[in-house]
Amino acid sequence: MEPTPIKSVLDDTALTGTTLTVAGWVRTFRNDRFIALNDGSTIRNLQCVIDQGKVDAAARARFTTSAAVKCTGLIVESKGSGQRVEMQVTAVEVLGDSDGEKYPIQPKKHSLEFLRENAHLRFRTNTYSAIFRIRHQVSFGIHEYFDSLGYNYFHSPIITASDAEGAGEMFRVSTLDAKNPPLNEDGSVNWKEDFFGAESRLTVSGQLQAELSALALGKVYTFGPTFRAENSNTARHLAEFWMIEPEAAFMDLAGDMDLAEGLCKHLIARVLKNSMDDLQFLDARLKEEEAQKPKEQRSELGLIDRLKFVLDNPFERITYTDAIEILLRSKPHQKKQFQFPVEWGIDLQSEHERYLVEKHFKKPVIVTGYPGKIKAFYMRTNGPGDFGYSDKGTTVAAMDVLFPGIGEIIGGSQREERLDVLEARMKDMGVDEKELWWYLDTRRFGTVPHAGFGLGLERFVLFVTGMGNIRDVIPFPRTPKSAEF
RNA sequence: UCCCUGGUAGCUCAGCUGGUUAGAGCACAUGACUGUUAAUCAUGGGGUCGCUGGUUCAAGUCCAGCCCGGGGAGCCA
């Protein structure tokens, strides 16, 4: 008999009174009688009650933590108080034993650091199974959102021969012998002999390719792995992460902001609708964790309340110039508590973003109109009348969406569609035009205003799950000096 | 990469100004238990004190270097 998902057994009242089979992994075995069985379909366990007259002691001794077990029996209303229904087991089979002495995950609280070191088994815990069910909901919701708006899922390449994407250090992809590469006469490596006939790398962004397709298909989005070889050792960075990059022709910056805010809210609404029991578990986990922090570091809202708050309130939209004004008038600036100086022209530091989001507005904030000098070459230069224009210096139609506790979760912009302005800006910023001839062609042939953004999937999952470390929301984290499993 | 901090049993930790056989709780094993909810009770086994070198009569404890984790910063998503 095909095993029934435990989620159905617990939720579908029509199944009460029927005999069926479930299969899963033992969480605990209590009183030599009660198996708490989890099959991953839900965070909740099914209590499987063993008849000691039918299952001998030797068989019962095999119901150890994380052993795989198949149970068949009658679903009845529970005599105990902890659950609505339970199974009266008539036949039980151990599919896979788990040596209690060697199995590292115990039925007790573990530190996340320890579980990270056992990343191959951490999915067996409530916390991680909840996280990865939610990650699925977010991933699926992304496709759902863009599909509903007529966007095409577009696959940008993972290997690229261009190093002008301008979003950070890249990993090299090569089949050359690292110890003895073919050399040019001047002693440099002869990449023409490499697999692709050119020095090639892993992508840091699919944006440029997404732009090419947006100027034909109209609306596209990419959703795939992205790589950064930055030596970043923080709870918010990964060397391999998943990024969502929509790009739409005929869309301006305001439309871009609407799209970004709409996506965030759609995803939160979906998770609230489909993952409530996982959220409740994570909410309780977070409360417990926060109870150990000093009062001033605790957040005012619990996880679920926080999600509802973001869903129900419009994101604040301010210009970079206004943000600087707010920071200059702020208490921490006047008391000289900021580590970095505040003046027009600087890039906003983490402490500044955190002040704006967590102290001043207390909700997600979209900052637009950053100085051109600190933003990428492809962003559109603002003119008088454009939102974010400033007489203090050149600004571009960039937007950063800042979330509480995480900082920048989305970075986007309206792109520079004017060939002459783009070329001048590339020259200014030292970007090689020759390498990007194909990109510039879009501006030569039927260029139109267009815009897009990049959303880091893991950062979003971090926010939705209330977790603090990005390594806990991707199944197999890749970070400097760490790529096990 | 920089600053701070840590590494002692399977896990979470204690171990004083260096001192003789390194502790606790949980987990695990064995036994008991027919209504338990991270069950409970009894008994028991379990340690290269991160690694390397140094100081010393003596190092878990002091010093140096390295490795790894955590928090913060930079870079960014």
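Worth saying up front: this structure is predicted, and the values here are computed from it rather than measured. In what follows, chains are A, B, ... by sequence order, proteins preceding strands, each numbered from 1.
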Any-strand Watson-Crick or G-U partner of [N], both distances under 3.5 Å:
N	value
B/A64	B/U52
B/C28	B/G44
B/A39	none
B/U1	B/A73

Nucleotide nearest [X] when distance is taken to its side chain, options [options]:
X	options	answer
A/Asn469	B/G35, B/G71, B/G74	B/G71
A/Lys481	B/G35, B/A73, B/C68	B/C68
A/Ser111	B/A77, B/U34, B/U12	B/U12
A/Phe340	B/C33, B/G74, B/C76	B/G74

Return yes if the base of B/U34 and the side-chain atoms of A/Arg33 contain a donor-acceptor N/O pair under 3.5 Å, otherwise no. yes
Regarding B/U1, can its base be found pairing with the side chain of A/Asn233 as donor and acceptor, where the two atoms are less than 3.5 Å apart? yes
Any side-chain N or O of [X] under 4.0 Å from OP1/OP2 of [N]?
X	N	result
A/Asn231	B/U1	yes
A/Thr234	B/G74	no
A/Arg30	B/A39	yes
A/Arg471	B/G70	yes
A/Gln106	B/C26	no
A/Thr28	B/A39	yes
A/Arg236	B/A73	yes

Hey, does [X] reach any base, or is it just sugar-phosphate, or nothing, if we go heavy atoms under 4.0 Å?
X	answer
A/Gln339	nothing
A/Arg27	nothing
A/Ile410	sugar-phosphate
A/Phe114	sugar-phosphate
A/Leu238	base
A/Glu113	sugar-phosphate
A/Arg354	sugar-phosphate
A/Thr65	sugar-phosphate
A/Ser232	base
A/Glu86	base
A/His110	sugar-phosphate
A/Gln83	base
A/Gly80	base
A/Asn45	nothing

Considering only the [atom1] atoms, how many Å lie between [N] and [M], rounded to the nearest integer?
N	M	atom1	value
B/A32	B/G69	C1'	42 Å
B/U36	B/A24	P	31 Å
B/A22	B/A59	P	14 Å
B/U56	B/G18	C1'	9 Å
B/C49	B/U8	C1'	4 Å
B/U37	B/U52	C1'	49 Å
B/C28	B/U55	P	46 Å
B/A27	B/U43	P	15 Å

Search all heavy atoms of A/Val173 against all heavy atoms of A/Arg201 and return the closest pair with its distance. CG2-C, 3.8 Å
When every non-hydrogen atom of A/Ile410 is compared with those of A/Ala260, the smallest separation belongs to CD1-CB, 3.9 Å
Starting at CG of A/Leu327, measure out to CD of A/Gln349 and round the result to the nearest 0.5 Å. 11.0 Å
Salt bridge (Lys or Arg N to Asp or Glu O under 4.0 Å) involving A/Asp472 - partner list, sequence neighbours excluded: A/Arg116, A/Arg122
Taking the side chain as every heavy atom from C-beta outward, state whether A/His110 and A/Asn118 have any atom pair closer than 4.5 Å. no
Scan side-chain atoms only and decide if A/Glu247 and A/Ser213 contain a donor-acceptor pair under the 3.5 Å cut-off. no
For the residue pair A/Thr234 / A/Arg236, report whether a side-chain donor-acceptor contact shorter than 3.5 Å exists. no
So which pairs with a foot in residues 343-367 of chain A pass salt bridge (Lys or Arg N to Asp or Glu O under 4.0 Å), sequence neighbours left out? A/Glu300-A/Lys362, A/Glu316-A/Lys363
If each of A/Lys108 and A/Asp347 is mapped to the nucleotide of RNA chain B with the nearest heavy atom, which maps nearer the 5' terminus, i.e. the 5' end? A/Lys108
Aromatic ring centroids of A/Phe29 and A/Phe34 under 6.0 Å? no
Indicate whether A/Phe241 forms a stack on B/A77; treat it as stacked only if centroid distance is below 5.5 angstrom and interplanar angle below 30 degrees. yes
